[in-house]
Amino acid sequence: KTLRKMAKIIGIGNALVDILVPNTQESLLNDLNFGRGGMWHIDEQRFVHLSRRIAPLRPVRATGGSAANTIHALSLMGAQTAFIGNVANDENGRFFAACLDERGTENCLNILPNGRTGVATTFIMPDGERTFATFLGVAPHIDTGHLHFERYAPGDILHVEGYLVQEYDNIEEIMRQAKAAGLRVSYDLASYNIVRAHRDFVRYLVREYVDIVFANEDEALAFAQTPDMDAVINKLAANTEIAVVKEGKRGAYAAQ
């Protein structure tokens, strides 16, 4: 009940469908040339081959994508939510849209007439280790000309996934428009290797546009470049209003 009175939270990021393959055997990963525990980008041809290969294993389908998963969890908690992303006019795109509608999340998907909806095939080992083969499809390249953030109330929150940082002009324009409309910007750093590869630009975004930043321990260390966790959280908090560093079962740090 309390969450429904709070700001609306709008997620923006890669709209992906997760194809989950439980009880994956090591021999299958070796045969497909995927290293255990890694994340591999694959092209459309390899995606089609992979889909045929795993069909007899009866995989399970769910919505995915970093920001979309966050919005899913928030909607289950009763928050008012929306999601912006690209899907294709195909079965997976219709599935993704239907899931948003079922959860009561405002559907702001851009449905493209050509291409395929992005899919993350997730191989789950018996010990819980996950290996990802990700086909992005139409998910990237969000059209910043049709965001219409003015539809939301000042103080609502735009939650941006860090995987969008690889297109500098695009992600900065998304954040710039959100701030101009009076929204607060929440940013998840996404992955330590993303932070390492784009550290200066990530720091610039956090400093110039971000109100709330989320990071896990590895991402925060990559951002701050210091092993001392107190120094890490203070460095994050010095650049934004609220900084949160997640440490799994050990809990989390938060600074304001």
Side-chain angles (χ1 to χ4, degrees), residues 6-16 41 63-75 79-88 93 96-97 100 105-112 115 117-118 120 134 136-191 193-215 219 223 236 239-244:
M6 294 175 64
K8 190 166 195 172
I9 304 168
I10 307 105
I12 187 166
N14 290 325
L16 303 176
H41 284 290
T63 57
S66 173
N69 285 340
T70 298
I71 293 301
H72 177 198
L74 288 165
S75 67
Q80 294 185 21
T81 58
F83 183 75
I84 301 168
N86 293 341
V87 296
F96 195 102
L100 292 182
T105 293
E106 181 186 352
N107 182 342
C108 302
L109 293 172
N110 183 26
I111 301 174
L112 302 178
T117 298
T134 303
L136 289 175
V138 301
H141 318 300
I142 292 171
D143 184 357
T144 57
H146 299 86
L147 294 175
H148 304 300
F149 289 138
E150 68 278 0
R151 78 181 77 174
Y152 303 109
D156 282 349
I157 298 170
L158 179 71
H159 180 70
V160 184
E161 71 173 64
Y163 291 107
L164 298 182
V165 80
Q166 297 176 83
E167 295 195 18
Y168 284 15
D169 291 344
N170 201 257
I171 193 171
E172 183 172 9
E173 179 61 14
I174 289 169
M175 291 185 178
R176 188 198 67 76
Q177 288 190 32
K179 298 297 286 187
L183 302 184
R184 301 175 73 201
V185 173
S186 165
Y187 185 48
D188 190 308
L189 296 189
S191 172
N193 57 320
I194 293 287
V195 177
R196 285 179 181 172
H198 307 278
R199 185 182 290 112
D200 289 344
F201 186 66
V202 169
R203 287 175 172 172
Y204 163 75
L205 290 177
V206 172
R207 183 177 67 249
E208 296 297 325
Y209 297 102
V210 174
D211 301 289
I212 308 165
V213 64
F214 290 94
E219 294 154 9
F223 181 96
L236 275 169
N239 286 273
T240 187
E241 181 182 343
I242 298 172
V244 179

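By convention here, the first residue in the shown sequence is residue 1. Because the structure is a prediction, the values reported are computed rather than measured.
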| remark: Residues pairing under salt bridge (Lys or Arg N to Asp or Glu O under 4.0 Å) where one sits in residues 159-172, two or more places apart or in two chains, turn out to be none
| query | Is K179 paired with E208 through a side-chain N to carboxylate O contact shorter than 4.0 Å? | reply | no
| task | Output yes when a side-chain donor or acceptor of R203 lies under 3.5 Å from a complementary backbone atom of F223, and no otherwise. | result | yes
| Quick one: are V202 and L189 in side-chain contact, heavy atoms under 4.5 Å? | yes
| query | Is any side-chain heavy atom of M175 closer than 4.5 Å to a side-chain heavy atom of N170? | reply | no
| field | Sub-4.5 Å side-chain heavy-atom contact between H72 and L100 | value | no
| Between T105 and T81, does any side-chain donor sit less than 3.5 Å from a side-chain acceptor? | yes
| Rounded distance (nearest 0.5 Å) linking atom CG of L183 with atom NZ of K8 | 11.5 Å
| query | Out of curiosity, N86 CG to I142 CD1, how far, rounded to the nearest 0.5 Å? | reply | 5.5 Å
| Just wondering, do H159 and L74 contact through their side chains at under 4.5 Å, heavy atoms? | no
| Minimum heavy-atom distance between I157 and S186, given as atom pair plus value | CG2-CB, 3.8 Å
| Residues Y204, Y168; criterion ring-ring contact (aromatic ring centres under 6.0 Å, His included); working and verdict | CA-CA 11 Å; Y204 163 75; Y168 284 15; 9.2 Å; no
| message | Does any part of the side chain of L158, heavy atoms only, come nearer than 4.5 Å to the side chain of I174, both counted from C-beta? | response | yes
| Can you check whether V160 reaches I171 side chain to side chain, under 4.5 Å on heavy atoms? | yes
| field | From T70 atom OG1 to I9 atom CD1, the distance as rounded to the nearest 0.5 Å | value | 9.5 Å
| field | Separation of T240 OG1 from Y209 OH (nearest 0.5 Å) | value | 14.0 Å
| request: Under the side-chain contact (heavy atoms from CB on, under 4.5 Å) rule, what do L136 and L16 come out as? Steps first, then yes or no, please. | output: CA-CA 7 Å; L136 289 175; L16 303 176; 4.3 Å; yes
| message | Contact between V185 and I212 at the side-chain level, heavy atoms closer than 4.5 Å - yes or no? | response | no
| task | Kindly check if the number of other-residue, nucleotide or ligand heavy atoms within 6.0 Å of CG (L109) is above 12? | result | yes
| field | For the student: nearest non-hydrogen atoms of L164 and G13, plus distance | value | CD1-CA, 3.9 Å
| Between the side chains of H146 and D143, does any donor sit under 3.5 Å from an acceptor? | yes
| note | Rounding to 0.5 Å, atoms CG (D156) and CZ (R184) come to a distance of 10.5 Å
| task | Measure the spacing between CZ of F83 and SG of C108 and express it to the nearest 0.5 Å. | result | 9.5 Å
| request: Tell me, please, which residues at least two apart from N107 pass side-chain hydrogen bond (donor to acceptor under 3.5 Å, both in side chains). | output: none
| message | For a quick test of reading the model, state the closest non-hydrogen atom pair linking A15 to T117 and the distance between them. | response | O-CG2, 4.2 Å
| Can you check side-chain contact (heavy atoms from CB on, under 4.5 Å) on N110 and L112, steps first, answer last? | CA-CA 6 Å; N110 183 26; L112 302 178; 3.4 Å; yes
| message | Minimum heavy-atom separation for Y187 and V206, please, with both atom names. | response | CD2-CG2, 4.0 Å
| query | How close do Y163 and A190 get, heavy atom to heavy atom, and via which atoms? | reply | OH-O, 3.4 Å
| field | Under the side chain to side chain contact (heavy atoms under 4.5 Å, CB included) test, residues paired with E173 that sit two or more places apart | value | T144, R176, Q177
| Electrostatic pair E106-R151, nearest N-O below 4.0 angstrom | yes
| task | Give the minimum heavy-atom separation between G155 and A7, together with the two atoms involved. | result | O-CB, 3.4 Å
| query | Is the shortest heavy-atom distance from the side chain of F201 to the side chain of V165 under 4.5 Å? | reply | yes
